[in-house]
Amino acid sequence: MVPLSWIGGVIGLLLATAISLYANTLIAKLHLLGGKRHIRYRDLAGFIYGKKAYALTWGLQYVNLFMINTGYIILAGQALKAAYVLFRDDSVMKLPYFIAIAGFVCALFAIGIPHLSALRAWLGVSTVLSLVYIIAALVLSLKDGIKAPPRDYSIPGTHISKIFTTIGASANLVFAFNTGMLPEIQATVRKPVVENMLKALYFQFTAGVLPMYAVTFVGYWAYGNSTSAYLLNNVNGPVWVKAFANICAFLQSVIALHIFASPMYEYLDTRFGIKGSAFKIQNLTFRITVRGGYLAVNTLVSALLPFLGDFMSLTGAISTFPLTFILANHMYLVAKKDKLTSSQKLWHWLNICVFGFLAVAALISALRLIAVDSKTYHVFADL
C-alpha cells in the first residue's frame, strides 16, 4: 500500500486478485489434459511443449520456490527479532543472527518432516497461528489508528523513485496471490478434479483473501506511509500479546516454508532414489546433508540481503509473472487452439504481451530497488 497509496493500492489489490483468479483457472482447466492428470506444473508444460519446456518450467519453478523460501526465512527472522526487542532492546543481537536461527529451525523441521503428506497435522496448527497473527495485528492496529493523529498517506520518494517503487509494487501484488505450484498443491483433489479445483480457487480468491485485505487496509489506515513491511513492528499494546503474535508469525513461517520447499525435496528424493523408512540412517543422513545444505544457502542469501519487499518484487518479476500469467495463457492457447475463436486467441496473445512487458519492467525496478537498498544498508544489514 505504501508505494501505491489508497487509490492505487485498493485498485491494485482488487485487480491482482481478479487476474490471479483468472490465470489460475486457466491452469486448473488444463489439469486434466490428454486423458491424464498432470500433478506437477512442469509435467503439464512438458506434455504440451516437450522436454525442453519441462526443464525450463522446472527452472522457473525452482527460482520461484527458492525466492519464496528466502522471503519466509527473512520474515521468520524479523518476527524473532521483534519478539526479542520487546524484552531486551540492546542492539547486541542483529537481524542476520535471527535469520540464522530461523534457518536452523527450518532445517530441523525439514529433516523431521520427511514428505508433504507428513505435514497434514501441521496444517491445522498453521491455520491457528495465522489467525493469531491476523487478530492481533488487526486489533492492535485498529486501536492505534483510533488514537493516532492525522497520518500521511502520500507516496514517499522522488518522482523517479516513485515510478520504480510503483512498478515494483505491481510485482509484489501478483507475488502475494500466486505460488507457481497450483497442480502440486491440488494433486490429491477428489473427482471431479477440475470442478473441485475451480471451487477451491473461487473460495480462495473471494472469502480467502478477506483476512489479507483486512490486515493490509487497517494497517495502512493506522500508520500511513510509515507502515512497516512487517506490521507488528508498528503496533503498540501489551508486551505479552505482541510477543505471542510474533512467535506465532515465526512458527507459521517455518511451516509455510516447508510447504513451498516440498517440491524441491520431492525432486531430490526421487532423483537420488530415496526409498524406504524415512528414518533409516541412509535417508536421515541424506535429508540432513541435502535439505540442510539447501536451506543453508537460502539462509545465507536471506541474511546477506534481508530486504523482504525487494525480494517479493524480484520474485514476482522473474518467476511469478512468467509462470502464472505468461505461461498459463500460452499453454491454454496451445492446448485449446482448435476450440478458441479468433477473438479469444487475440485475448490470450494480448495477455502474454502485456504480462511480458510488466515482467521486464518489474525486473528492472526490483534490481534497482535492491541496488539502492544495498548501498543504503550494506550487506548483512540490521533492519
Side-chain angles (χ1 to χ4, degrees), residues 1-5 8-9 11-13 15-17 19-20 23 56-57 59-75 77-78 95-96 99 155-181 212 216 225 227-230 257 260 297-328 351-381 383:
M1 291 292 290
V2 174
L4 298 172
S5 194
I11 293 174
L13 269 173
L15 191 59
T17 305
I19 62 175
S20 297
L56 177 61
T57 305
L60 286 172
Q61 271 194 301
Y62 173 77
V63 171
N64 192 54
L65 297 174
F66 182 88
M67 299 296 281
I68 289 173
N69 295 337
T70 299
Y72 272 121
I73 293 175
I74 294 173
L75 181 59
Q78 288 183 335
L95 179 59
I99 288 175
I155 301 174
T158 64
H159 179 69
I160 296 297
S161 67
K162 288 179 183 179
I163 294 173
F164 281 102
T165 53
T166 300
I167 295 171
S170 68
N172 279 357
L173 288 173
V174 298
F175 172 76
F177 289 104
N178 299 282
T179 62
M181 52 182 285
M212 187 185 76
T216 302
N225 62 16
T227 308
S228 170
Y230 180 61
L257 182 147
F260 291 105
V297 174
N298 258 143
T299 303
L300 176 62
V301 174
S302 302
L304 189 68
L305 298 168
F307 313 122
L308 183 60
D310 297 352
F311 266 100
M312 289 175 65
S313 298
L314 185 62
T315 307
I318 64 178
S319 54
T320 307
F321 270 126
L323 274 176
T324 306
F325 299 103
I326 300 172
L327 190 59
N351 281 328
I352 292 165
C353 294
V354 169
F355 288 119
F357 172 78
L358 286 175
V360 173
L363 175 60
I364 295 170
S365 174
L367 292 175
R368 180 187 179 276
L369 289 171
I370 290 174
V372 170
D373 283 342
S374 296
K375 289 179 181 178
T376 304
Y377 295 106
H378 67 76
V379 296
F380 297 107
L383 302 180

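Model, not experiment: these values are computed from the prediction.
Taking all atoms of both residues into account, the shortest heavy-atom contact from Pro322 to Ala317 is CD-O, 3.5 Å. Residue Ser365 comes nearest to Ile167 through the heavy atom pair CB-CG2, 3.9 Å, listed as atom of the first residue, atom of the second, then distance. In this structure, Asn225 and Pro156 approach most closely via the heavy-atom pair CB-CD, 4.2 Å. The two residues Ile160 and Arg368 come nearest to each other via the heavy atoms CG2-NH2, 4.3 Å. Across all their heavy atoms, Leu173 and Leu4 have their closest contact at CD1-CD1, 3.9 Å.
Scanning for ring-ring contact (aromatic ring centres under 6.0 Å, His included) contacts around Phe164 gives an empty result, with sequence neighbours left out. Taking Thr299 as the reference, nothing meets the side chain to side chain donor-acceptor pair (under 3.5 Å) condition, with sequence neighbours excluded. In this structure Ser319 satisfies the side chain to side chain donor-acceptor pair (under 3.5 Å) test together with Asn64, sequence neighbours excluded. Among residues two or more places apart in sequence or in another chain, the side chain to side chain donor-acceptor pair (under 3.5 Å) test is passed with Asn69 by Tyr294. Residues satisfying the ring-ring contact (aromatic ring centres under 6.0 Å, His included) criterion with Phe325, sequence neighbours excluded, are Phe321, Phe355. Applying the side-chain contact (heavy atoms from CB on, under 4.5 Å) rule to Thr227 yields the partners Val2, Tyr220, Tyr223, Leu231, Asn234; only residues at least two apart in sequence or on another chain are considered.
Taking 4.5 Å as the limit, some side-chain heavy atom of Ser302 sits within range of a side-chain heavy atom of Thr70. Side-chain contact between Thr17 and Met212 is absent, with no heavy atoms from C-beta onward closer than 4.5 Å.
The structure places CG of Leu56 at 8.0 Å from CG of Leu327, a figure rounded to the nearest 0.5 Å. In this structure, the separation between CD1 on Ile99 and CG on Leu304 is 10.0 Å, given to the nearest 0.5 Å.
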Subject >> Test log, rule side-chain contact (heavy atoms from CB on, under 4.5 Å), inputs Leu257 and Asn298 >> reply: CA-CA 11 Å; Leu257 182 147; Asn298 258 143; 5.7 Å; no
**OP:** Please report the C-alpha distance between Thr57 and Leu323 in whole Å, then the side-chain angles of each, then the deciding distance to 0.1 Å, and finally whether the side-chain contact (heavy atoms from CB on, under 4.5 Å) criterion is met.
**Re:** CA-CA 8 Å; Thr57 305; Leu323 274 176; 4.0 Å; yes
